[in-house]
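Chain naming here is simple, since letters A, B, ... match the order of the sequence lines and numbering starts at 1 in each.
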2 protein chains.
Amino acid sequence: MADTPIYQLVKDALRAKIESGALLAGDMVPGEEQIAADFNCSRLTAHRALRELADEGLVVRRRRAGTQVAPRDGGGVLIRIPSVREEIEGRGFAYRYELLTRRHAAPAAVIAEALGAAQGERHLNVVGRHWADGRVFQHDTRWINLAQVPAALDVDFSEVSANHWLLENVPYTGVDHEISALAADGRAAEALEVAAGTALLRIERVSRLGDRPITHASMLHPGALFSLKSERR
Amino acid sequence: MADTPIYQLVKDALRAKIESGALLAGDMVPGEEQIAADFNCSRLTAHRALRELADEGLVVRRRRAGTQVAPRDGGGVLIRIPSVREEIEGRGFAYRYELLTRRHAAPAAVIAEALGAAQGERHLNVVGRHWADGRVFQHDTRWINLAQVPAALDVDFSEVSANHWLLENVPYTGVDHEISALAADGRAAEALEVAAGTALLRIERVSRLGDRPITHASMLHPGALFSLKSERR
DNA sequence: CCACGGCATTTGTCTTTACAAATTGAACCC
DNA sequence: GGGTTCAATTTGTAAAGACAAATGCCGTGG
């Protein structure tokens with residue numbers, strides 16, 4: 001016997017109707033009272049099912065107007081970027097982090113702006129590489145906003161990667177990304193051990209606590225060798 | 001007066017404690033009874049607040065063991081890829097779609113496999129370009145699985161982009177992505193109106209209904225000119 | 001015909017009450 | 001000491017009742 005909760009049964013039934021096309025965008029979904037009658041449950045149970053579907057974006061609810069199937073987003077798609085380590089080990093390679101440099105210096109103007117920091121202010125710069133077996137998988141240039149995370153100055157990042165330490169020790173509320181492709185110049189080619197001119201995938205990431213930037217990371221991948229794979233929904 | 005619902009007040013209070021670091025990963029969160037007493041509300045209201053925080057991944061709940069702050073994901077980051085049109089118009093450019101070719105043919109082996117189709121089976125191939133003002137923003141090669149979407153054969157994609165038509169007319173349950181960088185070969189360079197060898201950003205997307213692939217899309221961006229920007233959470 | 005207002009409907013939140021399910025921790029037996 | 005059983009605690013789901021808030025609809029009046 002199915003001991004799946006009733007609200008879940010209701011959700012599944014409605015979801016099936018929507019995904020099968022039996023209910024199209026804009027169509028009215030039965031009201032809470034109606035569903036409660038159909039499934040022989042209380043209005044609260046029907047309400048919960050509809051509310052959760054609304055939270056997931058499948059339906060739109062308005063008082064008095066009732067519930068209708070949400071218009072297909074048309075908009076975007078959510079993808080998940082796994083952590084480097086997860087990505088590498090998921091492909092069956094051995095993971096290794098190598099610290100290249102760690103210095104206390106003033107970042108370039110672009111970076112300073114991204115960090116919301118004053119020009120010339122000194123912050124922490126950590127540069128490292130993530131290896132997949134014998135090949136460089138990612139080159140990681142990170143600036144840590146010392147105004148937000150002064151404790152980072154006391155950390156030696158030779159053992160822990162900056163990414164890892166930050167995740168463990170610094171709370172954040174949001175992350176902004178920018179993904180682009182570029183051709184490797186001399187320095188990048190050397191760092192990644194590829195030929196100059198190779199196409200690289202670059203991910204720039206600013207993590208924030210509220211609206212205060214915590215870190216700026218610039219991650220480079222040899223794009224011809226590896227690719228980021230993301231999952232559904 | 002604040003007419004924000006009580007469960008929301010509870011959520012905000014706990015979220016604040018977690019994000020400020022007052023509660024660290026692994027720390028116990030007060031139980032439902034305790035919260036109900038603290039906020040002078042019913043257990044169900046406290047339950048709803050905790051349940052929603054658990055749905056959002058901030059806390060972990062186990063019967064008898066109680067509720068504790070979830071370990072920081074460490075894992076991945078969710079980003080949102082906006083639709084091409086949204087992306088272009090969001091930057092203030094005029095959007096235009098141009099159909100290049102539309103043919104009924106057998107895809108290459110790799111594509112056929114991604115579509116879950118038999119070798120040599122004919123499907124619908126739609127190739128087009130998305131323009132931002134006078135420049136090519138994206139080149140889009142799409143294969144539509146006719147076993148799943150036979151109706152696509154009757155559509156002339158000169159007016160509507162394939163992406164748009166599919167979103168409007170075909171339900172899907174999941175999308176898989178792969179993002180990579182590559183250097184433009186002759187044909188790609190011509191299609192995107194860039195110099196050969198320019199670094200390109202490529203997004204490959206397979207959309208599914210259940211586990212049956214609907215479409216395979218290969219999207220190329222001139223990476224030096226444009227980049228994808230994603231939003232928080 | 002149009003503008004305004006009130007009414008009825010539908011969703012949103014909350015309380016109280018109840019029982020089920022999971023799991024920890026302790027008592028218990030061997 | 002080690003494994004097993006049992007009970008208490010905590011979360012999960014549900015019902016019924018109640019009132020609040022939003023808003024589409026219709027009727028009224030101009």
Side-chain angles (χ1 to χ4, degrees), chain A residues 1-18 22-73, chain B residues 1-18 22-73:
Chain A
M1 10 187 237
D3 56 348
T4 52
I6 304 176
Y7 77 89
Q8 191 64 50
L9 295 177
V10 177
K11 283 180 68 177
D12 291 346
L14 289 175
R15 199 198 305 277
K17 278 194 179 164
I18 293 172
L23 284 174
L24 297 176
D27 285 357
M28 293 303 302
V29 171
E32 300 183 353
E33 296 280 10
Q34 186 58 49
I35 288 178
D38 291 350
F39 286 81
N40 192 31
C41 65
S42 77
R43 186 173 81 90
L44 187 70
T45 302
H47 172 71
R48 177 169 175 187
L50 289 174
R51 175 164 49 78
E52 293 193 357
L53 287 176
D55 287 346
E56 292 169 25
L58 267 88
V59 300
V60 174
R61 317 194 71 197
R62 270 158 44 235
R63 278 165 164 141
R64 164 76 218 209
T67 303
Q68 47 184 321
V69 178
R72 200 67 61 48
D73 218 5
Chain B
M1 299 292 281
D3 56 349
T4 51
I6 303 176
Y7 75 89
Q8 190 64 52
L9 293 177
V10 176
K11 283 179 68 178
D12 291 347
L14 289 176
R15 198 199 306 277
K17 278 194 180 164
I18 294 172
L23 284 175
L24 296 176
D27 285 358
M28 293 304 301
V29 171
E32 300 184 352
E33 296 281 11
Q34 186 58 49
I35 288 178
D38 292 349
F39 286 81
N40 192 32
C41 65
S42 78
R43 185 176 80 89
L44 190 69
T45 301
H47 172 71
R48 177 168 174 189
L50 289 174
R51 175 164 47 81
E52 293 192 359
L53 286 175
D55 288 345
E56 293 168 25
L58 266 88
V59 300
V60 173
R61 318 195 70 198
R62 268 158 46 234
R63 277 165 165 141
R64 164 73 218 212
T67 303
Q68 48 183 321
V69 178
R72 201 69 61 46
D73 216 5

Worksheet, complete the sentence: So the contacted stretch of DNA chain D, first to last nucleotide with an atom under 4.0 Å from a non-hydrogen atom of chain A, runs from D:dT13 to D:dC25
Practice prompt. Spell out yes or no: do the side chain of B:Arg63 and the base of C:dA21 have one donor N/O and one acceptor N/O closer than 3.5 Å?
Written response: yes
Practice prompt. Return the value, rounded to whole Å, for the distance between atom CD of A:Gln68 and atom P of C:dT10.
Written response: 14 Å
Discussion item. If the condition is side chain to side chain contact (heavy atoms under 4.5 Å, CB included), which residues does A:Glu33 pass it with, not counting sequence neighbours?
Written reply: A:Arg43
Worksheet, complete the sentence: Of all heavy-atom pairs linking B:Ala13 and B:Phe39, the shortest is CB-CZ, 4.0 Å
Worksheet item: Quick one: are A:Leu14 and A:Leu50 in side-chain contact, heavy atoms under 4.5 Å?
Response: yes
Worksheet item: What's the verdict on side chain to side chain contact (heavy atoms under 4.5 Å, CB included) for A:Ile18 and A:Val59, showing C-alpha distance, side-chain angles and the deciding distance?
Response: CA-CA 9 Å; A:Ile18 293 172; A:Val59 300; 4.0 Å; yes
Item to complete: Scan residues 26-35 of chain A against DNA chain C and write down, sorted by residue number, each residue with any heavy atom closer than 4.0 Å; if none is found, say none.
Response: A:Gly31, A:Glu32
Worksheet item: Any side-chain N or O of A:Thr67 under 4.0 Å from OP1/OP2 of C:dT10?
Response: no
Practice prompt. Could you name each residue pair satisfying salt bridge (charged side-chain N to carboxylate O under 4.0 Å, His left out) that touches residues 59-69 of chain B, not counting sequence neighbours?
Written response: B:Glu32-B:Arg61
Response to the item:
Closest non-hydrogen atoms of B:Pro30 and B:Ile35, given as atom of the first, atom of the second and distance, are O-CD1, 3.6 Å
Response to the item:
side chain to side chain contact (heavy atoms under 4.5 Å, CB included) filter on A:Ala37, not counting sequence neighbours, yields none
Discussion item. Does C:dG12 have its OP1 or OP2 closer than 4.0 Å to a side-chain nitrogen or oxygen of A:Arg51?
Written reply: no
Discussion item. Using a strict heavy-atom distance below 4.0 Å, which residues from residues 39-50 of chain B are in contact with DNA chain D?
Written reply: B:Arg43, B:Leu44, B:His47
